[in-house]
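Written below as structure tokens is the structure these notes are about.
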Protein chains: 2
Amino acid sequence: MAQGEQGKGASTPTLWDRTRQLAAHEILETALRLFTQQGYDETTIAQIAREAGVSQRTLFRYFGTKEDLIGGSQERFVTLMTDTVREQPADVGAWEALRAAFTTALSLHTSPEQALERFRLVHHTDSLRAAYLGKRVRCQEELLPLLEARPAPSGTGRGQARAIVATAFACFDAATVTWLEADGQGDILALYDQGLAAVRS
Amino acid sequence: MAQGEQGKGASTPTLWDRTRQLAAHEILETALRLFTQQGYDETTIAQIAREAGVSQRTLFRYFGTKEDLIGGSQERFVTLMTDTVREQPADVGAWEALRAAFTTALSLHTSPEQALERFRLVHHTDSLRAAYLGKRVRCQEELLPLLEARPAPSGTGRGQARAIVATAFACFDAATVTWLEADGQGDILALYDQGLAAVRS
DNA sequence: CAGGACGTTGGCAGCCACTGCCAGGTTGGC
DNA sequence: GCCAACCTGGCAGTGGCTGCCAACGTCCTG
């Protein structure tokens, strides 16, 4: 639980934190490897723990849920997106701010290949897709208040921000799936722009 | 498994089918009652089975999943929506067809009060919301091919149908949540129209 | 109406994700 | 060196869910 403390000073990584980080990394890598090798549902927590060299109990202490082994700390995504939106100048519209947030989120992936593999895994496993969608909705809800204050395109009433955020995420998802079906060819953001353009006739 | 056969003739409800229907109804009612009384996560399958007068094993034979006790045969919704879209004249646009499908889906609720209660339960329980979203995505995917053939508003290219369907569902969800937060005041379809109008500036 | 074919039910054992609890070892500050 | 804080592993237990099997009711046929 002390891992959140080294964000500022980095003065005392304290060996414990280092060990923690190492273990977490090992677990995550093992899990991802097994998931892609034999599928998510076919991989048990016991197997991951065994091959990662930790007990099940410890594994659950690091990642509270089997699904968390995929998201790779979804929290980071959410905070990064909210921060990005917050950093936009006040006169930037909701659509533009959301696009910037998506750009930031996409820049987090280490490589397109890894992103493709990850996306494929999530979208092909029912339980994972459901979990992802749940977290996505939460992200939307956190973004909502930040966007309600922004200038609407043509002075539409309040309460419409929710529809705008939901639409942006929907188009982003559509772009992701399209990108997935094309085996990673093209640019997700470009697909997003195309989809949104089609929607906003 | 024989329950799907009485759709046409209704010639032989065969007592077995009647018994099945009765049991299913009893289970569903008990589950809904307990869920609203003490919450979804706090209600165990064992309790539902006990109070419904069946064994756990039988309960799982009727409803393969605890989540299925809420959806009330989500299949019906999907087929009804796809049928509605299919019935639309060929020159009706995708947006209009989708709106018609939502209208049909909404007309299935017996009363606004029950719909409100059901929606509240789903949206306030993480696991249920995730399951709902998963089924929603599947519904979108079934609707997709039916809409790709329809005339796009301004000749936008293919592949954009996915974004349109996703947007429609997103706005529908936004409308539902808004309606929920207003304690069921107003009309969901009207909220949907407002949201979509805001999106399509 | 007897008897077999078929479908339904309940119970049991078991798997898997997940949690609380407790003993034991390691690390850090004094 | 010592105590406190922390982390780890194991174990038992819960809850959703499944496979298997024996018992029973229903339906159809002879």
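Letters A, B, ... are given to chains in the order of the sequence lines, protein chains preceding strands, and every chain is numbered from 1. Being a predicted model, the structure only gives us computed values, none of them experimental.
- With sequence neighbours excluded, the residues forming a side-chain hydrogen bond (donor to acceptor under 3.5 Å, both in side chains) with B:Glu29 are B:His25, listed by chain and number.
- The distance between atom CG of B:Leu69 and atom C1' of D:dG16, rounded to the nearest whole Å, is 12 Å.
- Contacts between residues 123-138 of chain A and DNA chain D, counted as heavy-atom distances below 4.0 Å, involve no residue at all.
- Counting only residues at least two apart or in different chains, side-chain hydrogen bond (donor to acceptor under 3.5 Å, both in side chains) contacts with residues 175-190 of chain B comprise A:Arg162-B:Glu181, B:Arg120-B:Asp183.
- Comparing the start and finish of the helix from C:dC1-D:dG30 to C:dC30-D:dG1, five pairs each, the helix axis swings through 10°, to the nearest 10 degrees.
- B:Thr65 comes within 4.0 angstrom of sugar-phosphate atoms only, judged by non-hydrogen atoms across all strands, and of no base.
- Residues satisfying the salt bridge (charged side-chain N to carboxylate O under 4.0 Å, His left out) criterion with A:Glu87, sequence neighbours excluded, are absent altogether.
- Not counting sequence neighbours, A:Glu142 has no partner by the side-chain hydrogen bond (donor to acceptor under 3.5 Å, both in side chains) test.
- Atom CD1 of A:Ile27 and atom C1' of D:dT8 are 11 Å apart (whole Å).
- Residues in residues 31-45 of chain A take part in these salt bridge (Lys or Arg N to Asp or Glu O under 4.0 Å) pairs, two or more places apart or across chains: A:Arg33-A:Glu51.
- The stretch residues 97-109 of chain B participates, sequence neighbours left out, in these side-chain hydrogen bond (donor to acceptor under 3.5 Å, both in side chains) pairs: B:Thr84-B:Thr104, B:Arg99-B:Asp193.
- Of the residues in residues 50-61 of chain B, those with a non-hydrogen atom less than 4.0 angstrom from any atom of DNA chain C are B:Val54, B:Ser55, B:Arg57, B:Thr58, B:Arg61.
- Taking a 4.0 Å limit (strictly below) on heavy-atom distances, residues 32-39 of chain B does not reach DNA chain D anywhere.
- A:Arg138 pairs by the salt bridge (charged side-chain N to carboxylate O under 4.0 Å, His left out) definition with B:Asp126, not counting sequence neighbours.
- Taking the ring centre of A:Phe35 as origin, the terminal cationic atom of A:Lys66 falls outside the region bounded by 6.0 Å and 45° from the ring axis.
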Could you run down the sub-3.5 Å N/O contacts of the protein with nucleotides 26-28 of chain C?
residue: C:dG28; atom: OP1; partner: A:Thr14; partner atom: O; Å: 2.6

